[in-house]
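Here the structure comes first, spelled out in structure tokens, and everything after it is commentary.
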Amino acid sequence: MLKGFLNYGLVAAVLVWAAVVGLMAYRLEDSPWRWAFIALVFAGILTIVAIFRIRRYIDGLSKAEQDRGSQS
């Protein structure tokens, strides 16, 4: 459980934050801040995508390092 929290805790926190901001944007019907909140939701989703891409890149680097180490 600790490993899952360490791997996905940040993603879960950003997802909850984006959901709360999205709910606030939904409730602000005729406010000029509504579009700013919607933009923040999309920024949160893009942050989650970036986290997964960076994780995949780092995992690929560590796998290549292990492959290189086993060939020596």
Side-chain angles (χ1 to χ4, degrees):
M1 185 167 155
L2 179 63
K3 186 175 181 177
F5 178 74
L6 290 174
N7 284 334
Y8 298 105
L10 178 62
V11 172
V14 172
L15 189 62
V16 168
W17 172 83
V20 169
V21 172
L23 185 62
M24 290 189 320
Y26 177 74
R27 302 287 267 169
L28 292 173
E29 290 185 8
D30 290 329
S31 175
W33 288 98
R34 184 177 197 171
W35 294 109
F37 281 24
I38 291 172
L40 285 172
V41 170
F42 284 121
I45 292 169
L46 289 175
T47 301
I48 292 172
V49 169
I51 289 169
F52 281 121
R53 285 189 182 214
I54 290 169
R55 181 178 295 156
R56 186 173 25 183
Y57 175 73
I58 290 173
D59 288 343
L61 286 178
S62 63
K63 185 176 181 182
E65 182 69 27
Q66 288 174 354
D67 291 344
R68 194 174 333 153
S70 66
Q71 291 177 356
S72 312

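What you are looking at is a predicted structure, and each value in this text was computed from that prediction instead of being measured.
Residues that satisfy the side-chain contact (heavy atoms from CB on, under 4.5 Å) test with Trp17, not counting sequence neighbours, are Val21, Leu40. Residues passing the side-chain contact (heavy atoms from CB on, under 4.5 Å) test with Arg53, sequence neighbours excluded: Val49, Arg56. Not counting sequence neighbours, the partners of Phe52 by the side-chain contact (heavy atoms from CB on, under 4.5 Å) test are Tyr8, Val11, Ile48, Arg55.
Pairing each heavy atom of Ala25 with each of Ile38, the nearest pair is CB-CG1, 3.9 Å. Nearest heavy atom pair, residue Arg34 against residue Glu29, reads NH1-O, 3.3 Å.
Between the CG atom of Leu2 and the CG atom of Asn7 there is a distance of 9.5 Å, given to the nearest 0.5 Å.
By the rule that hydrophobic residues join a cluster once side-chain heavy atoms approach within less than 4.5 Å of another member, Leu15 and Leu10 end up as members of one cluster.
Without hydrogens or angle criteria, Ser31 side chain to Leu28 main chain gives no donor-acceptor distance under 3.5 Å.
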